[in-house]
Amino acid sequence: MSIDYADALSRHSETVLADEQAFADMWLQQVAPLSSRVAQAVHGGLLADRLAWVFVAGYQCALRHTFAQLPADSMAAFAVSEDRKGEPPLPGVTATALNGETKVSGYKTWVACCATLSHLVIKSDRGDKANYYCLERSSHGLTLTPKYGAFLAEMSQGVAELNAVTVATPLDASQVSHFGLRETLYIYMAFCAWAGKFSESAEPCEALIHRLARLVEQPPNDETGLAELKSVDEAVQVLRGTIPATAAANYEQDQRLIAMYSPGIQRRESK
């Protein structure tokens, strides 16, 4: 790990970041230039003053681990979810080739950081036809509509409408299968960094960050790795239980961010 967490924690001074733009600005200024994703997750967690920004900090690292082509100085989102419940449902995103250009049209129904993102990664089509593209926010034909919910309430969670948006070469998708687990691990990492602000000693949080860093670089693929993953998850959940309800705005509700990943991890089986 390329960061001394205890030192970073001792030098940290709390700043109130009550809206998404404030955290995005600080992330771009202080976190994006850091040389490693582990350092980004840890510093992002230290800068966070609530779990909405803990999520954003971990999420941005998982995106960059998955899609190396993303600009370093960007706030991004990975839009996969599509409408399944509408009457009729909104059409999903499909690609069409015409006159040497590829254009994508359709809807994505859950876009994190919709109000502040500069780049959007979308998946078009399914199966053998599936591709992933990176769009700039200013792309002609792209409309982003921010929405806000009760969970992680300060973070925009919107809808993307794509109307014949021209796309370039598809992204390298070789790491996409690892995105879900790595998102969890980076969010855990940012959470442990954040949680250290409420702990008597930095050592337990630092030890967890080191273990998470090892797991995120080498996804567990055997019984030993899986056992370590489950053990780390259990330790993170114990840490979650030690955080006072007054630690951050909406903490009692938003701690579900950390709790919700655990059942899936504990059900994992080696391949």
Side-chain angles (χ1 to χ4, degrees), residues 3 5 8-34 37 39-64 70-79 109-120 137 143-160 183-184 186-199 202 205 209 236 239-261:
I3 183 173
Y5 171 68
L9 178 61
S10 69
R11 292 185 287 106
H12 171 73
S13 58
E14 191 71 6
T15 302
V16 175
L17 299 164
D19 64 47
E20 185 177 303
Q21 189 62 60
F23 184 77
D25 290 344
M26 187 168 284
W27 194 91
L28 289 168
Q29 293 165 10
Q30 299 187 31
V31 180
L34 297 174
R37 289 179 291 263
Q40 289 178 342
V42 170
H43 278 289
L46 282 173
L47 290 173
D49 66 343
R50 62 200 68 206
L51 289 189
W53 314 147
V54 166
F55 170 81
V56 175
Y59 182 64
Q60 294 301 316
C61 294
L63 279 168
R64 280 153 186 77
L70 274 175
D73 57 344
S74 67
M75 291 294 288
F78 182 22
T109 54
W110 192 83
V111 181
C113 302
C114 184
T116 58
L117 65 83
S118 58
H119 291 77
L120 178 67
R137 186 185 189 95
T143 302
L144 294 166
T145 304
K147 297 182 178 182
Y148 294 85
F151 177 54
L152 305 179
E154 300 90 349
M155 186 187 75
S156 57
Q157 305 164 46
V159 174
E183 178 188 37
T184 302
Y186 279 119
I187 289 170
Y188 278 9
M189 211 178 295
F191 171 73
C192 290
W194 176 81
K197 295 185 284 187
F198 309 98
S199 301
C205 292
I209 289 168
V236 170
L239 177 62
R240 174 178 60 86
T242 69
I243 305 300
T246 56
N250 305 321
Y251 179 73
E252 286 196 86
Q253 176 174 277
D254 287 349
Q255 65 175 317
R256 178 164 66 91
L257 170 67
I258 307 303
M260 68 184 187
Y261 296 112

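The analysis underlying the following values was restricted to heavy atoms, covering all of them including side chains, and did not include hydrogens, waters or symmetry mates.
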For the residue pair T116 and R137, confirm or rule out a side-chain donor-acceptor distance under 3.5 Å.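 R137 and T116 do not have a side-chain donor-acceptor pair below 3.5 Å.
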Grab the two heavy atoms, one from [X] and one from [Y], that are nearest each other, plus how far apart they are.
| X | Y | answer |
| --- | --- | --- |
| A18 | D49 | N-OD2, 4.5 Å |
| E183 | A62 | CA-CB, 3.5 Å |
| A79 | L120 | CB-CD1, 3.8 Å |
| A41 | C61 | N-SG, 3.4 Å |
| I209 | C192 | CG1-CB, 3.8 Å |
| S118 | S74 | OG-CB, 3.3 Å |

If you round to the nearest 0.5 Å, how far is [atom2] of [Y] from [atom1] of [X]?
| X | Y | atom1 | atom2 | answer |
| --- | --- | --- | --- | --- |
| L46 | E14 | CG | CD | 9.0 Å |
| I258 | L239 | CD1 | CG | 9.0 Å |
| L70 | H119 | CG | NE2 | 7.5 Å |
| Y148 | E20 | OH | CD | 5.5 Å |
| Q21 | M75 | CD | CE | 8.5 Å |
| L47 | Q30 | CG | CD | 5.0 Å |

Whether [X] side chain and [Y] backbone form a donor-acceptor pair below 3.5 Å:
| X | Y | answer |
| --- | --- | --- |
| W194 | V54 | no |
| Y188 | G58 | no |
| Y251 | L51 | no |
| T145 | G158 | no |
| Q157 | C114 | no |
| Q40 | A32 | yes |

Is it true that atom CD of Q253 has more than 12 heavy atoms of other residues, nucleotides or ligands lying nearer than 6.0 Å?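 More than 12 within 6.0 Å, yes.
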[X] versus [Y]: any side-chain heavy-atom pair under 4.5 Å?
| X | Y | answer |
| --- | --- | --- |
| V42 | L34 | no |
| L9 | K197 | yes |
| T242 | F198 | no |
| R50 | N250 | no |

Start with the C-alpha distance between Y261 and V236, add both sets of side-chain angles, then the distance that settles side chain to side chain contact (heavy atoms under 4.5 Å, CB included), and finish with yes or no. CA-CA 11 Å; Y261 296 112; V236 170; over 6 Å; no
Give the intermediate values and the outcome of side chain to side chain contact (heavy atoms under 4.5 Å, CB included) for residues R240 and F191. CA-CA 9 Å; R240 174 178 60 86; F191 171 73; 4.0 Å; yes
Does the side chain to side chain contact (heavy atoms under 4.5 Å, CB included) test come out yes or no for W27 and V56, once each step is laid out? CA-CA 9 Å; W27 194 91; V56 175; 5.6 Å; no
Can you tell me how the ring of W110 sits relative to the ring of F55, calling it parallel under 30°, perpendicular over 60° and tilted otherwise?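 Rings of W110 and F55: perpendicular, as their planes differ by over 60°.
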